[in-house]
Structures are given as structure tokens and as C-alpha cells.
Amino acid sequence: MCGRFSITLPSDAMAQLFAAQPDNDLPGVPDYNVCPTNRIHAITGGEAAPRRLTAMRWGFLPHWYKKTNGGPLLINARGETIAEKPAFRSAVRQRRAIVVATGFYEWTRTPEGERDPWHIFASDGAPLAMAAIWQDWTGPEGETLRTCALVTTAANKTMSRIHHRMPVILAPDDWPLWLGEAGQGAARLMAAATEDALDMYRVDRQVNSNRAKGPGLTEPV
DNA sequence: CCAGACGTTGTT
DNA sequence: GTCTGG
DNA sequence: CCAGACGTTGTT
DNA sequence: GTCTGG
């Protein structure tokens, strides 16, 4: 679940929305087809640290991976088990972030096995604040990557129409707690959004290709 | 002790 | 079937 | 996440 | 690096 998304909000508007200081090397927007291993926009914070809008690689690399493909591509982390998993436990305690999106894609399958894509977005039109964890990784030649994974949870009734998992979407009031700016207790935030929070529609199969581009990808069919 | 896993999704 | 690319 | 490659030799 | 299995 949540293996593709769209982002249309300009970086400066993103920085303003989250009251974050933007870095200089942010990914280009709009991007209607953000894929695993791409650079994405993320918000970080903390008790002492100012909020930053920063770029991360979507695909979490535990520090023991020897190569970027030294293990499975970790684009999602299950909220139910994230605190115990060796790969994620220290990140969920110390390095939580918000990944900003306009909407995300999910696929259903026809009886013939074809993939039908859907675009899911906030009912009120606001950008989505997706819960994430991040990890810095250093490769064999000393190269470094700031990597992240999206936290997932069981689908609510609305989403279960198309899929049994969904990303954790954070309401604005919950941003400080998730970012570690408001003490302990972030674990309670790893839950499904309320039933009326998200809306969805079928989009064209052209988004099935990771090379597809353009605003047509999120238009309803 | 050493060796090997460490993860998610979906499908069967 | 499995891995890589995006 | 889905789509597409999955190979060698030699020539441009 | 850290945990599990044997």
C-alpha cells in the first residue's frame, strides 16, 4: 500500500503550511508520479530543532545495509509492529517526519489481473501529512543518504473499499506530537484517518507506468 | 558460541 | 520467477 | 507501487 | 548494530 503518490504544492507553500525552513535542494514540483527511491519532501522537527522542509530518499535503509539494494526496499513500515522491528525501532522513537503529498495512489485488480489505479486525497482539498520515519545511511564509498518510510495502518471503512492498508495521515493538531515537539505519546497517532477525511476516484491506467508524467494522472475517469 | 535475519505487500 | 528502475 | 528486463558479440 | 535460532 501507498507505493506511489502525487505532490502539487509548491515548496514555498509547503514550508509556509508547516512553518518550516526550506532546504535549498528540494525535489521539483509538481510531480504527479512520485515513486519509491525518488527524492521526496519531508518535514522534520524536535524539542530543540527548528522545523525543516528537507529532501529524503523514499526507501528506508537500515544502517547495516551494505548497498542500497542490500535488502528489501522498505517504503512502508507497519504501525502495529514498528516499535519492535530492529530496522525501525530507533527511528520511530527518535526520527519521525511528515511526508507531504497531494494524494496517493492505490490499485485494485480486475479478475483478469489488470491493475486499476485510484487517487486518494483529503476531502477538504488540503495537502496530506503522511507519517514517516527516517534514517541516515552511509554507503561503502562514504556517500550518505537521508532515507524514509511511510507508516501504514489498517484501512478504515472508506478505504477498505479498495485496499486493506492505508498510510497514517496526521491532522494539523497532531503534527507537533508526531514531530517530537510536544513530548511523548506519538504512538497513539498511528491510526487510520476518520471516515470522512479522504475521498477517492479512479484514474487512468497511464499512472501504472513509473515514467508517466503530468496532471492527467490525477484526473478522474 | 556463530550464522543469519533484519521487511511490506499481496497471493496462495 | 525475480530483480531493477523509476 | 507497477512495468519491464532477464544476454553476448561486435560495430557504430 | 542487535536479535533469534540452533
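Labels below follow one simple rule: chain letters A, B, ... track the order of the sequence lines, proteins then strands, and each chain is numbered from 1.
Between Arg78(A) and dT8(B) there is no side-chain N or O to OP1 or OP2 distance below 4.0 Å.
Between the P atom of dT8(B) and the CZ atom of Arg165(A) lies a distance of 9 Å, rounded to the nearest Å. Computed from coordinates, the His119(A) NE2 to dC1(D) P distance equals 17 Å when rounded to whole Å. Rounded to whole angstrom, the span from the CZ atom of Phe60(A) across to the P atom of dG7(B) amounts to 10 Å. Straight-line distance from the CG atom of Leu74(A) to the P atom of dC1(D): 12 Å, rounded to whole Å. One interatomic measurement links the two molecules: NZ of Lys85(A) to C1' of dG7(B), which rounds to 7 Å at whole-angstrom precision. What separates NE2 of His164(A) from C1' of dT8(B) is a distance of 10 Å, to the nearest Å. Taking atom NE2 of residue His63(A) and atom P of nucleotide dT2(E), one finds them 7 Å apart after rounding to whole Å. The interatomic distance linking Arg115(A) (CZ) with dG4(D) (P) rounds to 12 Å, in whole Å.
Separating the C1' atom of dT9(B) from that of dT2(E) is a span of 25 Å, rounded to the nearest Å. dT11(B) and dC1(D): their P atoms are spaced 9 Å apart (whole Å). Taking atom P on both dC6(B) and dC3(C), the two are 15 Å apart, rounded to the nearest angstrom. The same atom, C1', is picked in dG5(C) and in dG4(B); the two are 29 Å apart, to the nearest Å. Separating the C1' atom of dG1(C) from that of dG10(D) is a span of 31 Å, rounded to the nearest Å.
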After noting the C-alpha distance and the side-chain angles of Ser6(A) and His119(A), does the key distance pass the side-chain contact (heavy atoms from CB on, under 4.5 Å) rule? CA-CA 9 Å; Ser6(A) 65; His119(A) 189 240; 2.9 Å; yes
Under the side chain to side chain donor-acceptor pair (under 3.5 Å) rule, what do Glu195(A) and Thr158(A) come out as? Steps first, then yes or no, please. CA-CA 6 Å; Glu195(A) 298 298 340; Thr158(A) 308; 2.6 Å; yes
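A side-chain donor from one of Thr108(A) and Trp118(A) sits under 3.5 Å from a side-chain acceptor of the other. Checking Gln135(A) against Arg95(A) by side-chain atom types alone, a donor-acceptor pair falls below 3.5 Å. Side-chain contact check for Thr102(A) and Thr8(A): at least one donor-acceptor pair (N or O, by modelled atom type) lies under 3.5 Å.
Within the cation-pi definition used here (under 6.0 Å to the ring centroid, within 45° of the axis), Arg96(A) qualifies as a partner of Trp178(A).
If you check residues 87-107 of chain A against DNA chain C, you find no residue with a heavy atom closer than 4.0 Å. Proximity of residues 127-162 of chain A to DNA chain C (heavy atom under 4.0 angstrom from any strand atom) is not detected for any residue.
Within a 6.0 Å radius of CD in Glu143(A), more than 12 heavy atoms belonging to other residues, nucleotides or ligands are found. Gln16(A) CD: 12 or fewer foreign heavy atoms inside a 6.0 Å radius. The number of heavy-atom neighbours closer than 6.0 Å to CD of Glu181(A), taken from other residues, nucleotides and ligands shown, is above 12.
Under the side chain to side chain contact (heavy atoms under 4.5 Å, CB included) test applied with Leu128(A), the options Ile7(A), Ile98(A), Ile169(A) reduce to a single match, Ile169(A). Under the side chain to side chain contact (heavy atoms under 4.5 Å, CB included) rule, Asp196(A) has a single partner from Leu198(A), Asp199(A), Thr194(A), which is Thr194(A).
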Could you write out each protein N or O paired with an N or O of nucleotides 3-6 of chain C at a distance under 3.5 Å?
residue, atom, partner, partner atom, Å
dG5(C), N2, Asn210(A), ND2, 2.4
dG5(C), N3, Asn210(A), ND2, 3.0
dG6(C), O4', Asn210(A), ND2, 3.1
dG6(C), N7, Pro36(A), O, 3.4
dG6(C), N7, Thr37(A), OG1, 3.0
dG6(C), N3, Asn210(A), ND2, 3.0

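Across all strands shown, dA5(D) pairs with dT2(C); the Watson-Crick or G-U wobble distances both stay below 3.5 Å.
The aromatic rings of Phe88(A) and Phe60(A) sit perpendicular to each other, their planes meeting at more than 60°, with 30° as the lower class boundary.
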